[in-house]
Asker: 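One structure is given below, represented as structure tokens, and several questions about it will come after.
The sequence lines fix the lettering, A, B, ..., with proteins before strands; numbering per chain opens at 1. Just so you know, these numbers use all the heavy atoms, side chains as well, and skip hydrogens, waters and symmetry mates.
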Protein chains: 2
Amino acid sequence: MVVSLAQIRQTAGEVFTEGCPTRVVLDHIMSKWGVLVLLALTDGTHRWGELRREVEGISEKMLASTLRTLEADGLVDRTSYPEVPPRVEYALTDLGRELMERMLPLVQWVAANAGRVIPVS
Amino acid sequence: MVVSLAQIRQTAGEVFTEGCPTRVVLDHIMSKWGVLVLLALTDGTHRWGELRREVEGISEKMLASTLRTLEADGLVDRTSYPEVPPRVEYALTDLGRELMERMLPLVQWVAANAGRVIPVS
DNA sequence: CAGTATCCGCGCGGATACTG
DNA sequence: CAGTATCCGCGCGGATACTG
């Protein structure tokens, strides 16, 4: 038996209304840097400098702002240790891990099919 | 047995390298309007005007440009009928449907948890 | 109806310098 | 080390008018 996409979509709720919370959160996590930062944190805790290096091309400003947004959304945890020099670690929250369980299959599929989607010129 | 997110992430490939095809496609489908247009097409074929109305807040320019990008990516099919007045229909391709099978669980989860993620102020 | 053409503002996001 | 502050360009994306 085949379940149609339309049936599944029913349960997605009203994403098309402007300003609805779902749209706001989608904008955060589906943003260019949002995805990459979340992805980087998927294999565990990372320090600021590690994220800066791992997420290639991100600027300090964007890393800071992305992390603050994801933290406010409750998806990322920030832990700062009172040491000199300072050490700050970022990790997914439980909510963040739930999210990534759904996001990873999507990213995997894209990674596997990117060559098919955009023909190699 | 619990499979760690890190293990799953392995198979996602190198998403962190700048300019890699995966990043490009992710940027298309994870963009604000990309997601919403793909979502609108998930319950079947739609005409231009229907999409304009269903995806609330999208401008003509952005709808046109989003549709052209997704069409070039091979995710959306454009069929124009030689009638007066003209009729043009948009639908997901097989590739697009494969993608949405992975995207819908993510969107559903966000829709279900948006209230939790951003506390109602 | 299904777009294109043109104009234009603003804010995203980069670069650089600086700090607790 | 982990950021913040400041400046600034450009292109995303909206608004409006027009067309096959």
Asker: Report the residues that fulfil side chain to side chain contact (heavy atoms under 4.5 Å, CB included) with Arg47(B), sequence neighbours left out, ordered by chain and then residue number.
Answerer: Glu50(B), Arg87(B), Glu89(B)
Asker: Residues two or more places apart in sequence or in another chain: which of them pass side chain to side chain contact (heavy atoms under 4.5 Å, CB included) with Lys61(A)?
Answerer: Ser59(A)
Asker: In the 5'-to-3' direction, what one-character label does each nucleotide of nucleotides 3-12 of chain D receive under the scheme B = base within less than 4.0 Å of a protein heavy atom, S = sugar-phosphate only, - = no such atom?
Answerer: BB--B-----
Asker: Which dot-bracket string fits DNA chain C when only Watson-Crick or G-U wobble pairs with both atom distances under 3.5 Å count, crossing pairs get [ ], and | stands for a partner on a different strand?
Answerer: ||||||||||||||||||||
Asker: Just to verify, what does Glu71(B) make a salt bridge (charged side-chain N to carboxylate O under 4.0 Å, His left out) with, not counting sequence neighbours?
Answerer: none
Asker: Whole angstrom is fine here: how far is it from CG in Leu63(B) over to P in dT16(D)?
Answerer: 18 Å
Asker: For DNA chain D, which residues in residues 80-87 of chain A have a heavy atom at a distance below 4.0 Å?
Answerer: Pro85(A), Pro86(A), Arg87(A)
Asker: What does Arg52(B) touch in the nucleic acid at a heavy-atom separation under 4.0 angstrom: a base, only the sugar-phosphate, or nothing?
Answerer: nothing
Asker: Closest heavy-atom contact between Glu60(A) and Trp48(A)?
Answerer: O-CH2, 3.7 Å
Asker: If you take all heavy atoms of Leu63(A) and Val37(A), which pair is closest and at what distance?
Answerer: CD1-CG2, 4.1 Å
Asker: For Val35(B) versus Leu26(A), what's the shortest heavy-atom pair and its separation?
Answerer: CG1-CD1, 4.5 Å
Asker: Using side chain to side chain contact (heavy atoms under 4.5 Å, CB included) as the criterion, list what pairs up with Thr69(B), not counting sequence neighbours.
Answerer: His28(B), Asp73(B)
Asker: So, is Arg47(A) close to the dA2(D) phosphate, meaning a side-chain N or O under 4.0 Å from OP1 or OP2?
Answerer: yes
Asker: My understanding is that only residues two or more places apart in sequence, or in another chain, count here; which of them pass side chain to side chain contact (heavy atoms under 4.5 Å, CB included) with Ala91(A)?
Answerer: Thr45(A)
Asker: State whether the side chain of Thr93(A) and the backbone N or O of Leu75(A) hold a donor-acceptor pair below 3.5 Å, judged by distance alone.
Answerer: yes
Asker: To the nearest 0.5 Å, what is the distance between CG on Leu41(A) and CG on Leu36(A)?
Answerer: 11.0 Å
